[in-house]
Amino acid sequence: LPEGTITTLDVVASIFLRCFIITVGAMIFTWAVWLIMGDVIHSIHSQMYEITRREFDLYFLYTMTFLKALNVLFFGIPFVAIKWYLLGKR
């Protein structure tokens, strides 16, 4: 491969890694807020929707699981694939 292509793929891989790390950080922040202020957040949402605390917690956990899967699918796997490809080409 030309050196320019390798450099471009390295840059793209580093962007994927940064996106992955930022998304993990945002999920940790969201989890911390939910852990500390879960009752307050639930009371706000229960005024708008008839939702029990259990339903609220399950919705939150399902959403976080979905976001984790998307994070791995769109940022983690492409990062590993690019790095693996470049490792074989060098």
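A quick note: this is a predicted structure, and the numbers were derived from the prediction, not measured.
In this structure, CD1 on I44 lies 7.0 Å from CE on M37, to the nearest 0.5 angstrom. A distance of 12.5 Å separates CD1 in I82 from CD1 in I77, rounded to the nearest 0.5 Å. Rounding to the nearest 0.5 Å gives a distance of 7.0 Å between CZ of F56 and CD1 of I51. Atom CG in L58 sits 10.0 Å away from atom OG1 in T65 (nearest 0.5 Å). Between the OH atom of Y49 and the OH atom of Y59 there is a distance of 8.5 Å, given to the nearest 0.5 Å. Atom-to-atom distance recorded for I36:CD1 and W31:CH2 is 8.5 Å, nearest 0.5 angstrom.
Between F60 and W34, the ring-plane angle classifies as parallel under the 30° and 60° cut-offs.
Using modelled atom types, one side-chain atom of R53 and one backbone atom of G38 make a donor-acceptor pair closer than 3.5 Å.
Contact between L67 and M27 at its shortest, heavy atoms only, is CB-SD, 3.9 Å. Between N71 and C19, the closest heavy-atom pair is OD1-O, 4.2 Å.
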Next item on the list: Begin from the C-alpha positions of T23 and F74 and carry the test side chain to side chain contact (heavy atoms under 4.5 Å, CB included) through to its verdict.
Entry: CA-CA 11 Å; T23 305; F74 289 123; over 6 Å; no

Next item on the list: For the pair I15 and F79, evaluate side chain to side chain contact (heavy atoms under 4.5 Å, CB included) and give the outcome as yes or no after the intermediate values.
Entry: CA-CA 9 Å; I15 290 171; F79 169 75; over 6 Å; no

Notebook entry, point to check: For L17 and K83, what are the C-alpha separation, side-chain angles and deciding distance, and is it a side chain to side chain contact (heavy atoms under 4.5 Å, CB included)?
Noted result: CA-CA 11 Å; L17 180 62; K83 285 298 187 177; over 6 Å; no

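Residues V33 and I41 meet the side-chain proximity criterion, which asks for heavy atoms closer than 4.5 Å. Using a 4.5 Å heavy-atom cutoff, the side chains of T5 and P2 are in contact. In this structure, K89 and I6 have side chains that are not in contact, with every pair of non-hydrogen atoms separated by 4.5 Å or more. Side chains of F29 and V24 form no contact here, defined as non-hydrogen atoms less than 4.5 Å apart.
Residue L86 is not grouped with residue V11 when hydrophobic side chains (ILVMFWY) are merged at heavy-atom distances under 4.5 angstrom, including chains of intermediate members. The hydrophobic clustering, which links ILVMFWY residues whose side-chain heavy atoms are closer than 4.5 Å, places I28 and V72 together.
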